[in-house]
Every structure is written in C-alpha cells, then in structure tokens.
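One structure is given below, encoded as structure tokens.
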Amino acid sequence: MEENQIYEKLNENLLNLEKVENEITMIELAIYQKSLDDLKNKKLKELKEFFEQKANYYNQKTEKFNNEINRNIDEYELQIDKIINAYDSLYISVFKIMENALDNQKIAVANIVTLTEQRKNEEPNDMENTKKTIIACAEKKLNYGVIIDECKARREWCAEEAIKNIEEIFKNNIYQLQVYDDSILNKIKRNLINLFKGKSNYKRFLDSFESNYLNEIKKNNNSKILEIAATINGVEKQMEITKNQISNKYSERISA
C-alpha cells in the first residue's frame with residue numbers, strides 16, 4: 001500500500017472512530033441525565049413521605065397544609081435543579097472542548113493526506129520541508145488525542161461528582177422512620193397533646209423546616225455551584241493553554 005493510501009485509510013478510520021465516539025458519548029449523556037433525574041425524583045419522594053410521616057405523628061392531614069408543604073417542596077426542587085444545571089454546564093463545556101479537539105485531529109490527518117500527495121511532485125529541498133510539516137501534523141494529532149482523553153476523564157468525573165454532591169447536600173437525615181414509644185399510656189398522652197396542639201406543632205415544624213433546613217441547603221448549594229463555576233473556568237483556561245502549546249509546538253517543528 002502506498003504512503004498516501006495509508007494516510008487516506010487513517011483518515012477514514014478516524015472518521016469511523018469519531019462516529020463510534022459520538023454514539024458512545026450520546027449514550028453516556030443519556031445515562032448521566034437519567035441518573036440525575038432518578039436521583040432528583042428519589043429525593044422529592046423522600047421529602048414528601050417525610051412530611052406525611054410527621055403529619056401522622058401530629059395526627060394531621062397534609063391536605064390542610066398544602067400551601068406550606070408545596071412551598072417547601074418547590075424550593076427544595078429548585079435547589080436541586082440549580083445544582084444539576086451547574087453540572088450540566090460543566091459537562092457541556094467539556095464536551096465542546098472534546099469536539100473541538102476531534103475536529104483538529106481530523107484537520108491534521110486531512111493535511112497529512114494532502115501533503116503526502118503533494119510531496120510526490122516536489123523537488124528534493126521542498127520535499128524535506130513538506131516532510132517536516134507532515135511530522136508536525138502527526139504530532140499535532142497525537143497531542144489533541146491527549147486533550148480528548150482528558151475530556152473523557154472529566155466527563156466521567158463530572159457525572160460521579162454530581163451524584164455524590166447532590167446526595168451530600170440533600171441528604172435526608174430527616175428521612176428516618178422514627179421509633180415512637182407506642183405504649184398505651186404514651187399513645188393516650190400523644191393523642192391528647194395532638195388534640196389541642198397537633199395543628200400548631202405541625203405548622204411550627206413546617207416553618208422550622210423552611211427557615212432552618214432549607215436555608216442550610218441553599219447555603220451549601222450556592223457554595224458548591226460557585227465551586228463548579230470555578231472548575232468550568234479552570235478547565236477552559238487549562239485547555240486553552242494546552243491548545244496554544246500544541247500550536248507553538250507545531251510552529252517550532254515546521255520552522256526547525
């Protein structure tokens with residue numbers, strides 16, 4: 001097989017590889033989104049069951065407190081959506097960087113094919129310069145491969161971090177089936193207290209949940225979102241520096 005045929009085959013293989021990579025990436029993206037959606041639904045279900053459990057303890061009907069309960073649930077869901085959106089931004093940012101690296105790889109291989117064909121009709125001196133450019137293009141392709149590998153690792157890390165931090169920030173220590181003393185005496189005592197104070201106690205619990213637990217979630221959530229934003233900025237800067245290094249290395253190769 002002639003040299004230009006080898007490079008043409010390489011270009012074809014690269015295009016096929018990109019197609020496979022895109023399919024894998026779409027599957028990974030779907031799994032990532034499904035896992036976060038399932039986690040969100042699980043957290044919301046836990047919260048609703050917790051409110052129901054507390055209502056039963058105070059001998060109350062949740063329907064009478066729909067406004068307070070829905071307000072808490074809506075804010076809880078809003079906070080989950082905020083951090084999911086932040087991680088989505090990180091995931092997409094990394095994905096775009098990887099796409100750009102793949103495009104640059106294709107350009108490098110296409111240039112190799114063109115230069116190899118061009119080299120056949122050149123004078124010896126020109127052939128040497130073209131050879132240097134071909135080697136520089138090959139090196140550029142390999143260097144962009146490093147960026148692609150880094151992006152794959154970043155995507156995996158992003159998915160793992162999203163699940164881990166949502167579990168931590170929205171962990172429901174409150175979601176624990178309480179063991180109550182259900183002796184006859186305590187049942188009578190609790191029923192008497194609930195008869196007079198059950199409604200106010202449950203209302204106080206809902207207000208406390210909003211002012212204490214939700215505020216703590218907001219604080220931790222905002223801190224993590226700022227951290228994610230800094231990570232996005234850091235990744236983009238790092239990749240821009242790497243791209244400049246690849247470009248400078250290419251220039252050095254062809255001018256040597």
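Looking at E68, Q60, K64 one by one, the single match for side-chain contact (heavy atoms from CB on, under 4.5 Å) with Y202 turns out to be Q60.
For the residue pair Q53 and E49, no side-chain donor N or O sits within less than 3.5 Å of a side-chain acceptor on the partner. Residues N104 and K141 have side chains that never bring a donor and an acceptor to within less than 3.5 angstrom of each other. Using modelled atom types, one finds a donor on one side chain and an acceptor on the other under 3.5 Å when comparing N100 with K243.
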**Prompt:** Where do E77 and K40 land on the salt bridge (charged side-chain N to carboxylate O under 4.0 Å, His left out) test, with the steps shown first?
**Reply:** CA-CA 8 Å; E77 183 175 10; K40 172 185 169 179; 3.1 Å; yes
**Message:** Between K171 and E168, does the salt bridge (charged side-chain N to carboxylate O under 4.0 Å, His left out) criterion hold? Intermediate values first, please.
**Reply:** CA-CA 5 Å; K171 62 184 173 185; E168 286 180 359; over 6 Å; no
**Item:** Check against salt bridge (charged side-chain N to carboxylate O under 4.0 Å, His left out), E167 and K43
**Value:** CA-CA 9 Å; E167 286 281 15; K43 292 295 178 185; 3.0 Å; yes
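The shortest distance between side-chain heavy atoms of T133 and Y250 falls below 4.5 Å. Contact check for Q238 versus I241: no side-chain heavy atoms found under the 4.5 Å cut-off. Using a 4.5 Å heavy-atom threshold, the side chains of E117 and V113 count as separate. Contact of the K152 side chain with the M98 side chain is registered, since non-hydrogen atoms from C-beta on lie closer than 4.5 Å. When side chains are defined from C-beta on, L47 counts as touching F209, because their heavy atoms get closer than 4.5 Å. I147 is not listed as a side-chain neighbour of N143, based on a closest heavy-atom distance of 4.5 Å or more. The closest side-chain heavy-atom distance from I232 to S89 is below 4.5 Å. Put simply, the side chain of N221 reaches to within 4.5 Å of the side chain of F170, judged on heavy atoms.
Between the CD1 atom in I83 and the CD atom in E227 there is a gap of 9.0 Å [rounded to 0.5 Å]. Summarising the geometry, atom CG belonging to L102 is positioned 7.5 Å from atom CD belonging to E99; distances are rounded to the nearest 0.5 Å. Summarising the geometry, atom OG1 belonging to T130 is positioned 11.0 Å from atom CD1 belonging to I135; distances are rounded to the nearest 0.5 Å. Interatomic distance, I228 CD1 to E161 CD, rounded to the nearest 0.5 Å: 9.0 Å. Summarising the geometry, atom OG belonging to S93 is positioned 4.5 Å from atom CD1 belonging to I97; distances are rounded to the nearest 0.5 Å. One finds the CG atom of N70 at 7.0 Å from the CG atom of N67 (value rounded to the nearest 0.5 Å).
In this structure, F50 has its ring center closer than 6.0 angstrom to the ring center of F205. For an aromatic pair to be called close, the ring centres must be under 6.0 Å apart, and Y32 with Y87 fails this.
Cluster annotation: W157 and Y91 are assigned to the same hydrophobic cluster (Ile/Leu/Val/Met/Phe/Trp/Tyr, side-chain heavy-atom contacts under 4.5 Å, transitive).
Checked for salt-bridge contact, R154 and E150 meet the test: a charged N lies under 4.0 Å from a carboxylate O. D207 has no carboxylate O lying under 4.0 Å from a charged side-chain N of R204, or vice versa, which leaves the two without a salt bridge.
The shortest heavy-atom contact between C137 and N111 is SG-CB, 3.9 Å. Heavy-atom minimum distance, I254 versus K132: O-NZ, 3.9 Å. The minimum heavy-atom distance linking A101 with I148 is given by the pair CB-CG1, 3.6 Å. Here the shortest heavy-atom pairing between C151 and V94 reads O-CG1, 3.3 Å.
Within the 3.5 Å criterion, the main-chain N or O of S211 finds a donor-acceptor partner in the side chain of N215. Side-chain N or O atoms of S223 include none that pairs as donor or acceptor with a backbone N or O of K219 at under 3.5 Å.
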